Amino acid sequence: MTEPVAVADHLERILAALTPLSTHKLKLLDALDLTAAEDVVAPVGLPGFDNSAMDGYAVRFRDVADARADRPIHLPVVAEFGAGPTAEHVLEPGTAVKIMTGAPVPIGCDAVVPYEWTDRGSVEVLIAQPPTLGQNIRRAGEDVEQGEVVVSAGTVLGPRQVGLLAAVGRSEVLTRPRPRVVVVSTGSELRDPGGQLEPGTIFDANSFLLAAAVRAAGGIAYRVPAVSDDPRSFAAALEDELTRADLVITSGGISEGDFDVVKEALSGDLWFGKLAMQPGKPQGFGLFGAARTPVITLPGNPVSAYVSFRVFVVPAIRKLLGRSPIEQPLRTAALSHGLSSSAGRQQYVRAFCESSVATPVGGSGSHLLGDLATANALIVVPPETTSLVAGDPVSVLMLDEEY
Ligand SMILES: Nc1nc2c(c(=O)[nH]1)N[C@H]1C(S)=C(S)[C@@H](COP(=O)(O)OP(=O)(O)OC[C@H]3O[C@@H](n4cnc5c(N)ncnc54)[C@H](O)[C@@H]3O)O[C@H]1N2
Ligand code: MOO
């Protein structure tokens, strides 16, 4: 019997075979939620010029420094600036310019007095309270300096990044597209939800579970209705799907059974073997077809399929997306109560983790999908650890956290 393969080695095998998808220039809104594939340097600073933060009067500070309610200062109002194209203006000492929020401050202006501290005069203004030096002036470049990297390659472009790119004048950005991931579940017992079950049949959970997980990981999921345990039907379904796939994921048909269709159809092309992992022992991977499309074959037990997806497929999708980190950072939590684990296999224990305390939930059976849905974390117990007691620190993979 061959030694089981370590989780890290299988992941490395998969990642080494993948390259990030090639880049495309996209309009800003079309790039939402994609990964930037360039360092975007600000062609202009933010603000682009010194401008007013208030509706009020642009003044020279020294002219109004002594203004008091009982000794207001009077200044002639020589111009009015709204936000928008403006000619350059020098503010002569002893004068004021009416100015609106966002309008460029005139040369020589070193404070803006808000309307509320004045009589709002149009010809002459009466100022009853002094600003501080520089008050209410937003300085050029104080937010973003010209030439600064505003979005670095690998950043996910959320609404705030899209807004920032627009603010510095970018209408397009280089991104990587979402990987197209074909999900095929196999098994003659599988029926699509919504229909009727005959004896011995079950609803196909995995293709929905995995397609949803693909979307959550940033890919485009193409869910194929379950394929029966006939290798020819499976091979035909796979051939049909390859043209639109950057990655194929299958579930089921890879262990030791007499009808292990995926293994039978692909064993000439893919590696199949056992991992030192539980759940998720049987796995397979390889490049298939003329386009050498990566195919990751996951075990059929639903919990095994999901755990394997989190451990191998999420990093694969992130590599295609050009996202980092590729692997989800683990957190540390305290174990709520003791547990034992079989030697030689890395256990992924379903758990509920809150306030840094991880409580195992449900049994360890790989068919317990109900329990999986109540978990929000997986406790990762290394192969060499066979028992843990309450309070022990454990590594935890959080299932609902973005990274
Ligand atoms: N003799 C051995 N038998 C098994 C071994 C082994 O080492 N020796 N490994 C066990 C482990 S561990 C796992 S995990 C499973 C994996 O088997 P397969 O990948 O071949 O999966 P199937 O046999 O097709 O299905 C297993 C189980 O999961 C149910 N299933 C499959 N697909 C779906 C789906 N889309 N939705 C819901 N449920 C699904 C299927 O009905 C089976 O009950 O093998 C063990 N056996
Ligand atoms: O290792 Mo299987 O993947 O647990 O049930």
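One-based numbering, in listed order, for ligands and for the atoms of each. Fair warning: this is a prediction, and the values are worked out from it, not measured in the lab.
Nearest protein heavy-atom neighbour of atom 4 (O) of ligand 2: S366 OG, 2.7 Å. The protein atom (non-hydrogen) at minimum distance from atom 7 (O) of ligand 1 is K281 NZ, 3.0 Å.
When only interatomic distances are considered, the shortest N/O to N/O separation between G253 and ligand 1 falls below 3.5 Å. Between R345 and ligand 1, no N or O atom pair is found at a separation short of 3.5 Å.
The residue among V183, N206, T201 with a heavy atom at the shortest distance from atom 33 (C) of ligand 1 is N206. Remark: among candidates G300, P302, S207, A226, the nearest residue to atom 31 (C) of ligand 1 is G300, based on non-hydrogen atoms.
Numbered from 1 in the order shown, with element, the atoms of ligand 1 that lie under 4.0 Å from a heavy atom of K274 read 7 (O). Those atoms of ligand 2 that come under 4.0 Å of a heavy atom in K281, given as number and element, are 1 (O), 3 (O). Shown in contact with I254 at under 4.0 Å from a heavy atom are these atoms of ligand 1, numbered in order with element: 18 (P), 19 (O), 20 (O). Ligand-side atoms of ligand 1 in range of D204: 34 (C), 35 (N), 36 (N), range being under 4.0 angstrom from any heavy atom. Of all atoms in ligand 2, listed by their number and element, those nearer than 4.0 Å to a heavy atom of S304 are 2 (Mo), 3 (O), 4 (O), 5 (O). Close contacts of ligand 2 with G280, meaning ligand atoms under 4.0 Å from a residue heavy atom, involve 1 (O), 2 (Mo), 3 (O), 4 (O).
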